[in-house]
Structure formats: structure tokens, C-alpha cells
Amino acid sequence: MAKKTENANIVSHELLNSITEKYDKLSKSQKRLADHISQHYDKAVFLTAAKLAEVVGVSESTVVRFATTLGYSGYPDFQEALKEMVRNKLNSIQRMEITSDRVSETKILERVLQSDINKIKATMAEIDSNAFEQAVETILAGRKIYLVGLRGSAPLASFLGFYLNLICESVLVLHHNSSSEVFEQLMRVNEEDVVFGISFPRYSMRTLKALEFANSRKAKVITLTDSTHSPINLYSSCNLIARSDMASIVDSLVAPLSVLNALIVSLCICNQEKVIRNLEGLERIWDEFQVYNRDELNPIREDICMESDNEDA
């Protein structure tokens, strides 16, 4: 475990370490740039090369040379590394401050919706279709499916659990009030089971520990997260990557939800006969116990309305 944690920390601090190691060899302008990024990385991560150059007071070409000097192919590659570094470092107060800088008080609805659209497009372009197919096959072959999504990821786990119960024989969405409760629910997990972990920045340590435990029991671990560098991928053999973003103190999880939608649809198609049988049984139960109200849209009779009006008169 210590070695895996160490590897995650190396990924997280690689950029700052590179700046420190090469600082003495940087030009005067590049040192100003390095100092600014080291102190204000949480703001710099959202700036274009031109805007960063303007803020620091250097040329745009200096910004690009700075990125290549650190070993990156260009500024976009450097910016992506910067995003990875800060992704799990920002607390809720910093998130609020950054959002205030990025989004004006006008057109908030349009800006947030457009950001979600961009995240879905990026996810479509980057997601590994082979990993997606592997996830479908693994879930269908599992004896029991455990879903681990805590804190901000809990709604995603609940959503997936609701529909997996229509498809699979045994599904458990893990809930917790204490760290020990997670392990109590995973107590019987083994190599025949599947554990599906969901976590986005700020990554949940309890989710990480739960996946570590499942991995130690030889369970097949699938993850849904935002990056190949996410710590929960340390324990999975199948990684689904979906872009997320900060929207004030909340996370934008539209793209992850779309991936789960696609996963559910694919599972239904692959197991169509069983799903239909399950739904037929459920429909009978729903009718018997009046789960859904069939009269919700019945209009009020006109003669009753007229009588009521006459009485009031």
C-alpha cells in the first residue's frame, strides 16, 4: 500500500518538483513565471498561455518555452499536468473563489450548461471503448455487484444501483455512517464479485480504502473517475474515465452520469430476455401495490367545476 500511495504522490507533485529542479537554469522571465505558478497554481490552471503571459508580465513565447523547458510538448500538455496537480488540492473555499473569477454573475445558466456540454464532448472523444465493453462483460459475469460511491459521488452510485437491480440478481449500494460500516458491508466480497467504485475530486479516502480491501480479496474492480491518474485506479483492472469540473462548491457530474446511462443501456441490450422478465414481474407488483398512480393526468370533470362555481355564487 505504501508503494502505491507513494506513486500517487509522485504524480501529484511531479510538476512542482520539475520546477524546483530546473529553477536555477531558467531565464529571469521564466523564473518570474515559475514563482507565479508555484504560488498561484489554483488560478493559473485556468489561464491560456496568452492570459498567463499578460498576468505575469512576460511574452507568450516565454510561457511556451517555459513549458518545453520543463519537459512538456507544449503549453496544452503543461496545462493538463497543472490540472492534474490541483484537481484534488482545492478545498471548498478555494473552489468558490475560483468560480467567482471564472463565471460572471450574468449568464450563469448558459455558461454552466455549455461547460457540461464540453465535458460530455471531451468524454466522448477520450473514453476507452474497450474498457467500457470490459465493464459490461464483468458486471454480467459477477455473482454480486457492490457499488461504492460516497459523499458527492453517492447520487451516481444510487442511480446505477436502482437500474442494476432490474438487470442483476444481487446488487448492493454501500452506505456509511462510519468507516467501519463500509468494510462490514464488504465483509463477504470475493473473487466472484464485482466492486464498482465511483469517485471524483475531492477523492474520497473511504472509497479508496474500500477498493483496496476489495482488491485484496481478489474481487474484480471497476472504476469511474475523472483521470487516469486518479488514486482509485490503483486498485482497478477496468477504468472508465469521464470528465468532471468544478461548478462553485459542487462538482459537475453530467458526463459521468451519461457514461452510466450508456452502461445501463448496454447491459439491458446484452441481457434483454432477463430484463424483460424482470420488468414484467415488476409491472405486476407495481399494479398490485399501486406504486404508480395511473390517474395522475385525468382532467377534472367539467360538470363538477360548474356545480362548484354555482354553489359559490
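- Using a 4.5 Å cut-off on side-chain heavy atoms (C-beta onward), His36 and Leu52 make contact.
- In this structure, the side chains of Asn278 and Ile167 stay at 4.5 Å or more apart for every pair of heavy atoms.
- For Glu192 and Lys144, the salt-bridge test fails: no basic side-chain N is under 4.0 Å from an acidic carboxylate O.
- The hydrophobic cluster of Val64 has no other members, since no ILVMFWY side-chain heavy atom comes under 4.5 Å of it.
- Ser236 contributes no side-chain N or O that, together with a main-chain N or O of Asn239, makes up a donor-acceptor pair within less than 3.5 Å.
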For this session: Please report the C-alpha distance between Leu263 and Phe196 in whole Å, then the side-chain angles of each, then the deciding distance to 0.1 Å, and finally whether the side-chain contact (heavy atoms from CB on, under 4.5 Å) criterion is met.
Result: CA-CA 12 Å; Leu263 186 64; Phe196 195 113; 3.6 Å; yes

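- Phe200 has its side chain within reach of Ile198: a pair of non-hydrogen atoms, C-beta onward, lies under 4.5 Å apart.
- Hydrophobic clustering (side-chain heavy atoms under 4.5 Å, transitive across Ile, Leu, Val, Met, Phe, Trp, Tyr) keeps Ile241 apart from Leu234.
- Thr62 and Ser59 share a donor-acceptor pair across their side chains, judged by distance under 3.5 Å alone.
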For this session: Decide yes or no on side-chain contact (heavy atoms from CB on, under 4.5 Å) for Lys119 and Ile117, but give the supporting numbers first.
Result: CA-CA 5 Å; Lys119 295 297 173 293; Ile117 291 170; over 6 Å; no

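- The shortest non-hydrogen separation linking Val182 to Ala210 is CG1-CB, 3.6 Å.
- The CD1 atom of Ile145 sits 10.0 Å away from atom NZ of Lys220, with the distance rounded to the nearest 0.5 Å.
- Counting heavy atoms from C-beta outward, Arg217 and Asn190 have side chains that stay 4.5 Å or more apart.
- Counting heavy-atom neighbours within 6.0 Å of Tyr163 OH, excluding the residue itself, gives a total of 12 or less.
- The environment of CD in Gln272 is sparse: at most 12 heavy-atom neighbours from other residues, nucleotides or ligands sit within 6.0 Å.
- Between the Asn271 side chain and the Leu267 main chain, no donor and acceptor come within less than 3.5 Å of each other.
- Taking hydrophobic clusters as Ile, Leu, Val, Met, Phe, Trp and Tyr residues chained together by side-chain heavy-atom distances below 4.5 Å, Val148 shares a cluster with Met205.
- A continuous path of hydrophobic side-chain contacts links Ile37 to Tyr72 [ILVMFWY only; heavy atoms under 4.5 Å].
- The residues Lys51 and Glu54 are annotated as salt-bridged, a charged nitrogen and a carboxylate oxygen being separated by less than 4.0 angstrom.
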Problem set entry | Step-by-step side-chain contact (heavy atoms from CB on, under 4.5 Å) determination, Phe132 to Ser266 | CA-CA 10 Å; Phe132 181 85; Ser266 185; 4.0 Å; yes

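- Residues Leu33 and Val55 are members of one and the same hydrophobic cluster, defined by side-chain heavy-atom contacts under 4.5 angstrom among Ile, Leu, Val, Met, Phe, Trp and Tyr.
- Residue pairs meeting the salt bridge (charged side-chain N to carboxylate O under 4.0 Å, His left out) criterion with at least one member in residues 21-31, sequence neighbours excluded, do not occur.
- Side chain of Gln30 to backbone of Thr69: no donor-acceptor contact under 3.5 angstrom is found.
- One side chain, Tyr203 or Asp226, offers a donor N or O that lies under 3.5 Å from an acceptor on the other.
- What you find for Tyr75 and Ala49 is that their closest heavy atoms are CE2-N, 3.3 Å.
- Shortest non-hydrogen contact noted between Val56 and Arg32 is O-NH2, 2.9 Å.
- A salt bridge links Lys274 with Glu169; the closest basic N to acidic carboxylate O contact falls under 4.0 Å.
- Within 6.0 Å of the CD atom in Glu191, the count of heavy atoms belonging to other residues, nucleotides or ligands exceeds 12.
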For residues 135-143, tabulate all N or O donor-acceptor pairs below 3.5 Å that involve a side-chain atom, not counting sequence neighbours.
from	atom 1	to	atom 2	distance (Å)
Thr138	OG1	Gln134	O	2.7
Arg143	NE	Asp193	OD1	3.0
Arg143	NH2	Asp193	OD1	3.0
Arg143	NH2	Asp193	OD2	2.9

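- For Leu166 against Leu282, the heavy-atom pair with the smallest separation is CD2-CD1, 3.0 Å.
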For this session: Show the numbers, then the answer: is there a side-chain contact (heavy atoms from CB on, under 4.5 Å) between Leu211 and Tyr146?
Result: CA-CA 10 Å; Leu211 298 186; Tyr146 294 85; over 6 Å; no

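- Looking only at side-chain heavy atoms (C-beta outward), Val112 and Ser252 stay at 4.5 Å or farther from each other.
- Here the closest heavy-atom approach between residue Leu240 and residue Val259 is recorded as CD1-CG1, 4.4 Å.
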For this session: Could you walk me through whether Tyr292 and Asp287 pass side chain to side chain donor-acceptor pair (under 3.5 Å), step by step?
Result: CA-CA 7 Å; Tyr292 295 108; Asp287 287 345; over 6 Å; no

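- At a threshold of 4.5 Å between side-chain heavy atoms, the hydrophobic network of Ile, Leu, Val, Met, Phe, Trp and Tyr places Phe162 and Leu164 in one connected group.
- To the nearest 0.5 Å, atom OG of residue Ser199 and atom CG of residue Asn233 are 10.0 Å apart.
- A donor-acceptor contact shorter than 3.5 Å is absent between the side chain of Thr225 and the backbone of Ser230.
- At a threshold of 4.5 Å between non-hydrogen side-chain atoms, the residues Phe213 and Val195 do not count as touching.
- Atom NE2 of residue His40 and atom CG of residue Asp35 lie 9.5 Å apart, to the nearest 0.5 angstrom.
- Here CD of Glu181 is found 9.0 Å from NE2 of His175. Values are rounded to the nearest 0.5 Å.
- Atom CD of Gln185 and atom CG of Leu147 lie 11.0 Å apart (nearest 0.5 Å).
- Residue Ile232 comes nearest to Leu224 through the heavy atom pair CD1-O, 4.1 Å, listed as atom of the first residue, atom of the second, then distance.
- Annotation: the span from Ser153 atom OG to Phe159 atom CZ amounts to 14.5 Å, rounded to 0.5 Å.
- Val254 places a side-chain heavy atom less than 4.5 Å from the side chain of Ile120.
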